Amino acid sequence: MHDLSPSGLVSASGLSRVAPSRRTLLRGMGGAAVLGAGIPLLSACGGSGTAADPKTVTLGSNASDAVPKKAFAEIYAAFKKQSGITVDVNTKDHNTFQEQINSYLQGTPDDVFNWFAGYRMQFFAAKGLATPIDDVWQKIGGNFPDAMKQLAKGEDGKYYFVPLYTYPWALFYRKSVFQQHGYTVPTTWDQLVALCKQMKKDGLVPIAFGDKDAWPALGTFDQINFRTNGYDFHVELMAGKAAWTDAKVRKTFDHWAEILPYHQDGAVGRTWQDAAQTLVSKKAGMYLLGTFVAQQFTNQADADDLDFFAFPEIDPAYGQDTVEAPTDGFMLSKAPKSKAAAVKLLEYLGTPEAEAIYLKADPSVVAASSKADTSSYTALQKKAYAMISGAKSLTQFMDRDSRPDFTSTVMQPALQKFVRDPKGIDSLLTSIERQKKTIFASG
Amino acid sequence: MSSETGTTSPEAAAAPPPGTASPASSPSPGSRKKRVPRGHRRLLTRRDRLTLGLMAGVPTILHVALVWLTALASIALAFTTWDGIGFDSIKWVGLDNFKELFTTNPQFWPAVEHNVIWFVVLILIPTPFGLFLAVQLDKKIRFSRVYQTAFFLPVVVSMAVIGFVWQLVYNPDTGLINSLIGANKPGHYIDWIGDPNLNLWAILIAASWRHAGYMMILYLAGLKGVDPALREASSLDGANEWQTFKNVVFPTLRPTNTVVLVVTIIEALRAFDLVFVFNKGAQGTELLSILVTNNIIGESSRIGYGSAIAVVLLVISLAVIIPYLIATFRKERRA
């Protein structure tokens, strides 16, 4: 702070009276206000205290929830024990972190920060707001399967991301309900539709659904789309290259419209948590969501009853080879102050040991590394891990695979509209395509 | 910061007392009295000018920088595309943002319409109701204070909290209404929050609930200012209660009505928090302010496009407020 204040300010304090008058107080405040307007300056001098210390890495964290926060803290403690480097964690509220990520990365970010794989990572990499970490990957590359390696690369082919954990999306159900009614797990589209019909007859809500927060419908679209049209088309569509007016997209929506009547009524007014409760209370037969749905099963007996299966095959050409598995991890900011220490931290975060520490504290996700110790996994984790490691291609979630401004301002309202009124699909797709063109054209 | 506030600026400490302070610019008697014994009288005159300059100057600079410059900047940004990363990525696109807004954005016209509905409903339902309550409470009925507090309570609570409270009422699965009337079963299901034909009205009930209390207080203040002699005179003339209100009391409330109208227009244009908490402006509840937020807040945001929506909102506000204020003040000056 001192290096920034005009030197006169400091020397004058020696001459001034002991008791500050109202005016000097005002003047001081005015000076502080001017300094305050230059927020980047201030934060720069806040961070400068630790910059020279090669034994400290600063880390911007979005892990504001209690469970992940504690799990990460344990990783950093273990890292310190091993390397002698302290991780100075700066935790922000999860959503606030996302909303401020733009200005955060342009200002004076921490050396390392939490982020998501997929387009969202590539976007900041392409903007020059992250440092490539190919040297880190030379060390940790052997710990990860090929699908994860692909996820960690930017558009320029360099590595920018160290994945830590991941979780698949799938159709969740309760074993006891399937047992009681004699249902079997559907593996094809026709079986799924038949199962929905049967469940409805048996007085169940076939598929629980809550889209009040507008993102769960994105996940449903993803599943039906890559099962109908395959991974490559899905990626093209998310990248803005394929047209939303393409007959293939129309086919996806036709499939969705076929099972939409078996979804829970009034989805747009319901949160995913409330929808999950209908699965907990055995009123719903199935629920398409990420494994975090398990968090809603607070009673251990209910949690043990929870199981899931991959979204059924629609086109045999693509089978069930794609799995939606959003992946969280770490990136290196554009100009880290203690790069050597930061690289060491990233190398550590890419090891199976770091994964093991995290997973012990947060069993709702699975390791991104193929070398992680899976012996302590729950049955659900083991299944999720098998599903991901057996996948030919991994997708992120729509808002991680495509431009977030497109998904949040165009796709979220559009899919809510479709869910409510599936008949208006043609004009809806035309509208999506028109808006997409302007957004993707804006660079 | 505390160490700085305790220091004087170099200029003040180093400057010797200048001997040419004119009495015209001498400080107020209070402060002179305080300073005289210290023998710094002439220096202080100059200091006072400096202080006054700072007191007026700092807020002016802050105001210009934080209000005017940002407003003008967002108007300028409305003609560009910008993702918020680096100033070199600002691209001039002319009227494209507005063109897209008016033609391809499916949420824009509904949002304009909902802002208008918001205003019409507020002025037609809770405003007269607030006036009605104020008139009743003005009669000094028993427990008047209790009623007053009860109706005013929603105004004290923040809009966001009101949003949370009413969500509990409207929640389609577990909410008060659906639980009472049994509308949370498949087959007969009322989706208060998700159904675009219902949700705006559901939110407007919550907004009206608050607005009525607000209007009540404004009118109550206005009614307190009505000369009791007028009422006495009208009752001597044999007017009944309604006639007194219509012909005597209401016309004297004219200045209050001006305030009420302006406040209601502002409330309708800045409506945001309640909807944002309720369902983030999803189907059926889009508002201009929500569209601005959705486009600007967040990663890789569309700052140019969001600014264009904000400019539309600004133009609507000015178009509504300015002619009205001019007309009203002209009329009042004439009267």
Side-chain angles (χ1 to χ4, degrees), chain A residues 5-6 8-13 15-17 20-33 37 98-99 101-103 105-106 120 123 127 129 205 211-214 264-270 274 277-278 403-405 408-409 412-414 416-417 420 431 434-435 438-439 442-443, chain B residues 1 3-14 47-48 50-51 54-55 57-58 62 65 81 83-86 89 91 93 96 100 103-107 170-174 186-187 189-196 199 279-280 282-283 286 291 294-295 297-302 304-305:
Chain A
S5 27
L9 252 175
V10 179
S11 66
S13 65
L15 297 171
S16 66
R17 291 182 303 270
S21 75
R22 177 171 49 88
R23 288 174 182 78
T24 52
L25 199 75
L26 267 175
R27 215 168 280 138
M29 277 163 64
Q98 249 153 273
E99 278 163 15
I101 186 83
N102 265 353
S103 46
L105 290 181
Q106 290 182 80
R120 283 165 131 171
F123 177 82
K127 290 276 176 186
L129 293 174
V205 173
D211 197 36
K212 184 163 176 245
D213 298 311
Q264 200 170 0
D265 268 356
V268 182
R270 185 182 298 107
D274 283 347
Q277 285 307 314
T278 52
R403 292 179 63 120
D405 48 0
S408 65
T409 63
Q412 290 191 351
Q416 280 189 333
K417 197 166 181 190
R420 238 190 40 245
S431 165
R434 267 213 310 251
Q435 295 180 73
T438 52
I439 290 183
S442 70
Chain B
M1 215 166 95
S3 73
E4 271 174 55
T5 53
T7 65
T8 46
S9 86
E11 192 194 345
R47 278 184 154 196
D48 273 359
L50 197 71
T51 309
L54 276 176
M55 284 174 81
V58 170
L62 287 178
T81 63
D83 56 15
I85 297 181
S89 63
K91 260 186 285 171
V93 293
D96 282 7
E100 194 197 336
T103 56
T104 57
N105 189 328
Q107 294 168 288
Y170 286 127
N171 185 309
D173 295 315
T174 54
Y189 190 85
I190 305 180
D191 188 2
W192 297 100
I193 296 173
D195 188 331
N199 52 15
N279 69 355
K280 294 201 171 60
Q283 308 295 315
E286 296 95 339
L291 293 191
N294 284 350
N295 278 289
I297 302 283
E299 30 169 337
S300 64
S301 38
R302 307 175 70 192
Y305 191 62

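Below, chains carry the letters A, B, ... as their sequence lines are ordered, and counting in each starts from 1. Computation of the quantities below employed the complete heavy-atom set of this structure, encompassing side-chain atoms and omitting hydrogens, waters and symmetry-equivalent molecules. These figures come from a predicted structure and were not determined experimentally.
Contact record, A:Ser431 with B:Pro106: OG-CG, 3.8 Å, taken as the closest heavy-atom pair. Across A:Phe123 and B:Asp83, no two heavy atoms sit closer than the pair CZ-OD2, 4.0 Å. Considering all non-hydrogen atoms of both residues, B:Gly86 and A:Gln106 come closest at N-OE1, 2.7 Å.
For A:Leu129, the part lying near chain B is the side chain, with the backbone staying farther off; criterion is any non-hydrogen pair under 4.5 Å. Only the side chain of B:Glu100 comes within less than 4.5 Å of a heavy atom in chain A; its backbone stays farther off. Proximity to chain A (any heavy atom under 4.5 Å) is restricted, for B:Gln107, to the side chain, taken from C-beta onward. Contact annotation for A:Gln416: both backbone and side-chain heavy atoms come within less than 4.5 Å of a heavy atom of chain B. With a 4.5 angstrom heavy-atom cutoff, B:Asp96 does not touch chain A via any of its atoms.
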Legend entry - Chi angles and distances behind the salt bridge (charged side-chain N to carboxylate O under 4.0 Å, His left out) call for A:Arg420, B:Asp191: CA-CA 11 Å; A:Arg420 238 190 40 245; B:Asp191 188 2; over 6 Å; no
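Here B:Arg302 contributes atom CZ and A:Ser408 contributes atom OG; the two are 9.0 Å apart, rounded to the nearest 0.5 Å. If you take OH on B:Tyr305 and OG1 on A:Thr438, they are separated by 6.5 Å, rounding to the nearest 0.5 Å. A distance of 4.5 Å separates CG of A:Asn102 from CD1 of B:Ile85, quoted to the nearest 0.5 Å. The distance from atom CD of A:Gln98 to atom CD1 of B:Ile297, rounded to the nearest 0.5 Å, is 13.0 Å. Here the CD1 atom belonging to A:Ile439 is positioned 9.0 Å from the OG1 atom belonging to B:Thr104, to the nearest 0.5 angstrom. Separation of atoms CG (B:Asn294) and CD (A:Gln412) is listed at 8.5 Å; rounding is to 0.5 Å.
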